[in-house]
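To start, the structure itself, in structure tokens.
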Amino acid sequence: MPQGGRVRRGAPVRFTFNGKAYTGLQGDTLASALLANGVHFVARSFKYHRPRGIMTAGVEEPNALVQLESGAYTVPNARATEVELYEGLRATSVNAKPDIEHDRMAIMQRFARFIPAGFYYKTFMWPRSWWGKYEERIRDAAGLGSVPDTQDPDRYEKRYAHCDVLVVGAGPAGLAAACAAGRTGARVILVDDAGEAGGSLLRAQEVIDDKPALDWVAERMAELAAQPETQVLQRTTAFGYQDHNLVTACERLHDHLPIMQRSGVRERIWKIRARHVVLATGAHERPLVFGNNDIPGVMLAGAVSAYIHRYGVLPGRRAVVFTNNDSAYQCAVDLKRHGADVTIVDPRVLSSGTLPAEAERLGIPVVHQAVVAEARGGKHVTGVRLRGHGASLRDGVDTLSCDLLATSGGWNPVIHLYAQSRGKPRWCDERACFVPDASAQPQSSAGAANGDFSLQAALDGGARAGLQAAEGAPAARPADLPVWSARPVEVAPLLPLWAVGKGKQATRGPKQFIDYQNDVSVSDILLAVSEGYHSVEHVKRYTAMGFGTDQGKLGNINGMGVLAEALKQSIPATGTTTFRPNYTPVSFGAVAGRELGDWFDPIRRTCLHDWNLEQGAIFEDVGNWKRAHYYPKPGEDMHAAVQRECLAVRNSVGLLDYSTLGKIDVRGPDAVEFLNRLYINSWTKLQPGRCRYGLLLDENGMVMDDGVSIRLAEDHFLLTTTTSGAARIMSWMERWLQTEWPDLRVYLTSVTDQYAVATVAGPHARKVLSAVCKDIDFSNEAFPFMSFQEGTIDGVFARVLRVSFSGELSYEVYMPANMGRHVVERLMTAGQPHGITPYGTETMHVLRGEKGYIIVGQDTDGSVTPMDLGMGGMLAKNKDCLGKRSLARSHTSGPGRKQFVGLLANDPACVLPEGGQILLGPTQAAIAPMFGHVTSSYMSPILGRSIALALLKDGHERMGEEVTVATADGRFMPARVCSPVFYDPEGARQNVE
């Protein structure tokens with residue numbers, strides 16, 4: 001149009017669509033710019049490849065999906081109605097090859113009667129040899145847009161926020177709620193998915209307080225900006241509502257800018273925890289269902305008004321408005337006032353509301369008691385065929401020519417987030433829609449989202465909801481209820497109309513589409529019913545109704561109405577489908593945030609990380625930690641480095657960064673009782689100053705973690721866990737303490753990061769410690785095995801444990817993390833005369849493997865009991881503990897269980913593969929019984945041969961037997977079953993003088 005709208009007339013924007021250049025205006029969406037250029041045919045449908053056009057003006061758009069840009073910046077299935085126009089934008093239609101005008105798959109329209117709902121399940125069954133071909137062809141034909149095939153260069157992030165009141169939606173109800181809550185001083189966050197506030201006010205010329213409604217919007221936005229505790233997030237879609245009032249939202253920060261002007265974060269996921277949530281999400285207009293209701297040029301009446309008032313675009317000059325309610329009369333009035341010829345088709349006998357009276361005053365003809373039975377046209381609507389509804393057509397006129405068909409079947413409140421919050425919507429007969437009922441969380445709905453479709457009701461309901469939501473907020477102060485006035489509007493009742501054609505008319509006439517995106521028609525629903533699908537959830541899955549990117553925003557209520565009529569029951573009895581997140585599609589980039597590549601998991605480094613780097617360490621990931629794997633010298637590979645490190649520990653002394661060990665501080669009068677309930681062994685008689693190795697079982701009696709723990713005082717313990725299990729075990733202990741044993745007076749604190757730990761192991765370990773820690777007597781008599789002492793190293797507090805995971809004389813030195821490097825450097829200096837060598841996790845594994853010590857998660861797999869490991873003697877007989885009763889089950893204590901054993905390959909130079917399956921003998925049979933598997937396997941430098949640990953059925957009874965280990969490359973390796981302790985079985989070396 002030559003004037004009007006909220007676009008900037010003096011700011012042209014150039015863009016291309018399907019390779020053709022066009023010009024729009026700043027403030028346009030891609031959809032409005034295409035309509036302004038006379039482009040209505042923009043897409044092909046999913047299954048039948050029918051021509052489709054722009055139908056809506058918002059997030060509910062099912063048809064106008066486009067591929068934006070190309071390469072790394074491409075966005076598949078973007079809704080043209082939401083894409084803000086920017087200079088240089090490039091868009092193409094999806095689901096059309098080579099283009100929408102010459103789509104090869106358009107031939108599917110001719111076979112539509114042969115491919116109804118469910119035809120995939122019935123057709124592509126035989127011959128079986130063709131299954132691969134079927135799948136390839138179907139996958140090639142399915143889908144809409146194309147995903148990027150190059151790495152995404154943009155950055156995404158996540159943010160957490162807390163507020164007293166979260167308002168979703170910046171329409172009249174949302175603005176009223178946010179302002180009312182903000183005036184109390186409460187912390188308020190307002191989120192809205194559009195780039196401009198106003199909601200429904202942007203598509204109509206309303207008046208509030210005797211001034212243009214958009215002036216009122218500007219005043220409210222200025223008010224919110226002036227409130228110090230209020231934050232407004234625009235271009236932000238709330239897409240999920242979880243428990244405890246957690247609302248997730250996606251903010252789009254620069255997709256509205258030209259690509260070359262984009263910088264910084266592209267999208268941000270907000271996780272907002274609110275004391276109270278106000279849902280002012282508005283309503284979606286419901287289309288009417290009739291023959292060929294998907295032809296380009298068939299639009300929603302509210303969308304037509306939006307294009308006229310917001311974008312200054314007239315979608316047609318010869319229009320038919322088909323409606324069963326008063327709201328669409330506004331569309332007819334708007335069209336008439338802007339020079340279009342309009343005819344209204346209304347199945348009701350009379351329409352006596354305010355808007356029908358305005359249409360009559362403008363001389364707009366109305367055909368009462370009539371329906372549009374069929375739209376006519378190919379790539380654009382050219383006319384409609386009418387049919388009487390409860391009466392014969394007056395004047396016998398049954399056809400109208402037109403270039404625009406605007407429809408309205410009523411309004412559906414946007415209750416998606418309400419339903420996700422566990423709210424149960426109720427059916428309202430008066431308004432023929434589902435509306436919110438009782439709230440399951442601190443939440444309220446306002447405006448059209450609550451079924452209050454008038455502007456005055458939205459203003460009043462929003463203000464009340466905002467003020468009530470702020471009540472009880474810590475910083476809230478009393479405030480008066482804001483009052484704003486809008487013009488009164490009288491509305492006549494609507495006439496529910498789920499489908500024009502029923503029975504044979506629906507199955508034999510032109511397709512009447514329920515779900516435009518998935519090509520689900522009335523006949524598909526009737527077919528599903530005839531084949532026994534009566535549950536709305538089953539019908540949804542059989543027909544794919546509501547499965548698209550629009551998630552059934554337009555079609556699901558009509559589909560439920562058609563289903564209810566077919567089943568001869570009410571819509572409430574039929575029920576709704578489940579409203580699941582996401583409300584709108586969310587990009588994988590936003591979901592991933594910065595957790596990509598090296599940052600896929602959090603990276604944790606010990607306080608000795610830089611020192612390890614300086615020693616030449618190669619790192620491995622253990623849990624989230626970077627641990628020194630080995631320390632190669634020039635010319636060494638891993639095997640050579642590990643051999644050197646192992647021999648250094650066995651013959652002299654080595655130092656290991658053991659800081660990642662999980663550490664949990666346990667305090668309280670009931671600490672002993674708590675540990676007795678957790679661990680299989682008893683803690684009652686453990687004296688302060690002593691250490692104890694303990695096993696933790698899950699409820700099924702299976703080993704879940706282990707560790708050496710110490711008693712610091714009568715009511716104070718320090719537990720250790722495996723590196724990767726620290727957080728899990730802490731959470732597990734807290735769960736039992738808080739939910740099952742709340743009477744125990746015990747307090748847990750994770751101190752993993754507070755202590756650095758260095759293990760000094762080897763025959764000369766005592767000499768190294770004695771040189772730097774003068775206030776501890778390290779003799780065997782004063783400092784026995786499985787005890788600890790406290791002292792200082794160069795003035796730094798040190799707690800020294802005499803424990804061993806290598807079988808050698810060994811000490812674990814605990815010190816404050818911020819002094820860890822200083823203490824380790826002192827230890828290394830003291831160890832130089834003895835050839836002290838840093839060693840990594842691979843050497844630690846070899847050393848413990850030689851001694852037959854387990855690593856939980858490597859030598860166990862969640863199905864191993866203490867008896868399977870040969871540790872049944874640790875199980876205290878005079879107390880109960882978690883998992884103990886499960887050990888008495890016949891399955892757990894019976895024969896045939898996999899048990900922990902050692903394996904020696906017949907060829908000493910052959911290292912058995914970890915994970916290798918154990919057979920009783922070599923076999924070429926396709927299916928052979930497996931008796932176990934290799935859990936750990938190494939080349940032992942001190943023994944000069946390979947060793948392995950394994951889980952083997954009845955392994956404890958198979959000592960000395962020969963078994964076969966099958967390899968992935970088809971070889972068979974013979975080995976002998978033996979004790980898992982390969983080196984120093986008497987344990988003499990850990991007590992060397």
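As the structure is a prediction and not an experimental result, all values here were calculated from the model. For the single chain, residues carry numbers from 1 onward in sequence order. Just the heavy atoms: all of them, side chains too, but no hydrogens, waters or symmetry mates, feed the values below.
With no hydrogens or angles considered, no side-chain donor-acceptor pair links Thr837 and Glu645 at under 3.5 Å. Residues Arg989 and Tyr983 have side chains that bring a donor and an acceptor to within less than 3.5 angstrom of each other. Looking at Thr684 and Asn676, their side chains do bring a donor and an acceptor atom within 3.5 Å of each other. For the residue pair Glu620 and Thr841, a side-chain donor N or O sits within less than 3.5 Å of a side-chain acceptor on the partner. When only modelled atom types and interatomic distance are considered, Thr723 and Thr660 share a side-chain donor-acceptor pair under 3.5 Å. Counted by atom type alone, Asp665 and Gln754 present zero donor-acceptor pairs between their side chains at under 3.5 Å.
Of the possible donor and acceptor atoms, none in the side chain of Arg692 sits under 3.5 Å from a partner among the backbone N and O of Met786. Ser770 places no side-chain N or O within 3.5 Å of a backbone atom of Lys767 that could act as its donor or acceptor partner. Under the 3.5 Å distance criterion, the side-chain polar atoms of Ser652 are left unmatched by any main-chain donor or acceptor of Ala648. Remark: side-chain polar atoms of Asp698 are paired, donor with acceptor, to backbone N or O of Gly701 under 3.5 angstrom. A donor-acceptor pair is defined here as one N or O able to donate and one able to accept, closer than 3.5 Å; no such pair exists between the side chain of Lys774 and the backbone of Gly791. Proximity of a side-chain donor or acceptor of Asp954 to a complementary backbone N or O of Gly896 within less than 3.5 Å is detected. Here the side chain of Thr892 pairs a donor or acceptor atom with the backbone of Ser886 at under 3.5 angstrom. Panel note: side chain Lys663, backbone Ser659; a donor-acceptor pair is recorded below 3.5 Å. The backbone N or O of Gln990 lies less than 3.5 Å from no partner atom in the side chain of Ser804, so there is not a single donor-acceptor pair. In this structure a side-chain-to-backbone donor-acceptor pair under 3.5 Å is present from Asn780 to Asn991.
Residues Tyr630 and Tyr839 fail the side-chain proximity criterion, which asks for heavy atoms closer than 4.5 Å. Inter-residue side-chain proximity for Leu661 and Thr721 is flagged as unmet; no heavy-atom pair is nearer than 4.5 Å. For the pair Val666/His716, no side-chain contact is recorded, criterion being any heavy-atom separation below 4.5 Å from C-beta on. Proximity of Phe931 to Arg958: side-chain heavy atoms (C-beta onward) are separated by under 4.5 Å at one or more points. When side chains are defined from C-beta on, His956 counts as touching Val901, because their heavy atoms get closer than 4.5 Å. Between Met867 and Phe900, every side-chain heavy-atom pair lies at or beyond the 4.5 Å cut-off. With a 4.5 Å cut-off on side-chain heavy atoms, Trp611 and Pro838 count as touching.
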Next item on the list: Begin with the C-alpha distance, continue with both residues' side-chain angles, and end with the deciding distance and a verdict on side-chain contact (heavy atoms from CB on, under 4.5 Å) for Tyr679 and Asp705.
Entry: CA-CA 10 Å; Tyr679 287 88; Asp705 207 85; over 6 Å; no

Note to self: Applying side-chain contact (heavy atoms from CB on, under 4.5 Å) to Met939 and Gln643, what does each step give before you reach the verdict?
What the structure shows: CA-CA 9 Å; Met939 177 58 70; Gln643 182 178 28; over 6 Å; no

Note to self: Show, in sequence, the C-alpha distance, side-chain angles and deciding distance for Asn681 and Tyr693, and conclude whether the side chain to side chain donor-acceptor pair (under 3.5 Å) test is met.
What the structure shows: CA-CA 9 Å; Asn681 40 344; Tyr693 174 77; over 6 Å; no

Check: Given the rule in the salt bridge (charged side-chain N to carboxylate O under 4.0 Å, His left out) test, do Glu740 and Arg735 qualify, once you have shown the distances and angles that lead to the verdict?
Finding: CA-CA 8 Å; Glu740 303 299 326; Arg735 176 169 68 86; 5.6 Å; no

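Residue pairs meeting the salt bridge (charged side-chain N to carboxylate O under 4.0 Å, His left out) criterion with at least one member in residues 780-790, sequence neighbours excluded, are Glu790-Arg799. Listed by first then second residue, pairs satisfying salt bridge (charged side-chain N to carboxylate O under 4.0 Å, His left out) with a partner in residues 829-849 read Arg848-Asp859, not counting sequence neighbours. Screening residues 742-770 for ring pair (Phe, Tyr, Trp, His ring centres under 6.0 Å) gives His764-His834 as the qualifying pairs, with residues at least two apart or on separate chains. Screening residues 864-882 for salt bridge (charged side-chain N to carboxylate O under 4.0 Å, His left out), with sequence neighbours left out, gives Asp868-Arg897, Asp880-Arg885. Listed by first and then second residue, the salt bridge (charged side-chain N to carboxylate O under 4.0 Å, His left out) pairs involving residues 809-832 are Glu614-Arg821, Asp794-Arg826, Arg821-Glu825 (not counting sequence neighbours).
Salt bridge status for Asp861 with Lys898: absent, with no side-chain N to carboxylate O gap under 4.0 Å.
The CD1 atom of Ile729 sits 10.5 Å away from atom CG of Leu719, with the distance rounded to the nearest 0.5 Å. To the nearest 0.5 Å, atoms SG (Cys773) and CD (Gln789) are separated by 9.0 Å. Going from atom CZ of Phe674 over to atom CG of Leu744 covers 7.5 Å, rounded to the nearest 0.5 Å. Between Phe717 atom CZ and Leu675 atom CG the span is 5.5 Å, to the nearest 0.5 Å. A distance of 11.5 Å separates NZ of Lys626 from CD1 of Ile618, quoted to the nearest 0.5 Å. Taking SG of Cys691 as the start and CD1 of Ile710 as the end, the distance is 6.0 Å to the nearest 0.5 Å.
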Output side-chain donor-acceptor pairs under 3.5 Å for residues 967-982, partner residues at least two apart or in another chain, one line each.
residue : atom : partner : partner atom : Å
Thr967  : OG1  : Asp969  : OD1          : 2.3
Thr967  : OG1  : Arg971  : N            : 3.0
Thr967  : OG1  : Arg971  : O            : 3.2
Asp969  : OD1  : Arg971  : N            : 3.3
Asp969  : OD1  : Arg971  : NE           : 3.3
Asp969  : OD2  : Arg971  : NE           : 3.0
Ser979  : OG   : Val981  : N            : 3.1

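Residues Leu696 and Leu678 share a closest heavy-atom pair of CD2-O, 3.6 Å.
Separation of the Phe783 and Phe788 ring centroids does not fall under the 6.0 Å cut-off. Taking the six-membered ring where the residue is Trp, the centroids of His609 and Phe619 are separated by under 6.0 Å.
Partners of Glu714 by side chain to side chain donor-acceptor pair (under 3.5 Å), not counting sequence neighbours, listed by chain and number: Arg711. Partners of Trp599 according to the side chain to side chain contact (heavy atoms under 4.5 Å, CB included) rule, which considers only residues two or more places apart in sequence or in another chain, are Ile603. Residues forming a side chain to side chain donor-acceptor pair (under 3.5 Å) with Lys851 (at least two apart in sequence, or on another chain): none. The side chain to side chain contact (heavy atoms under 4.5 Å, CB included) check on His639 picks up Asp637, with sequence neighbours excluded. Take Glu914 and apply the side chain to side chain contact (heavy atoms under 4.5 Å, CB included) test, not counting sequence neighbours, and it matches Gln858, Ser936, Ser937, Tyr938. Considering only residues two or more places apart in sequence or on other chains, Pro784 meets the side chain to side chain contact (heavy atoms under 4.5 Å, CB included) condition with Arg690, Ser787.
With a 6.0 Å cutoff to the six-membered ring centre and a 45° limit on the axis angle, Arg677 counts as a cation-pi contact of Trp741.
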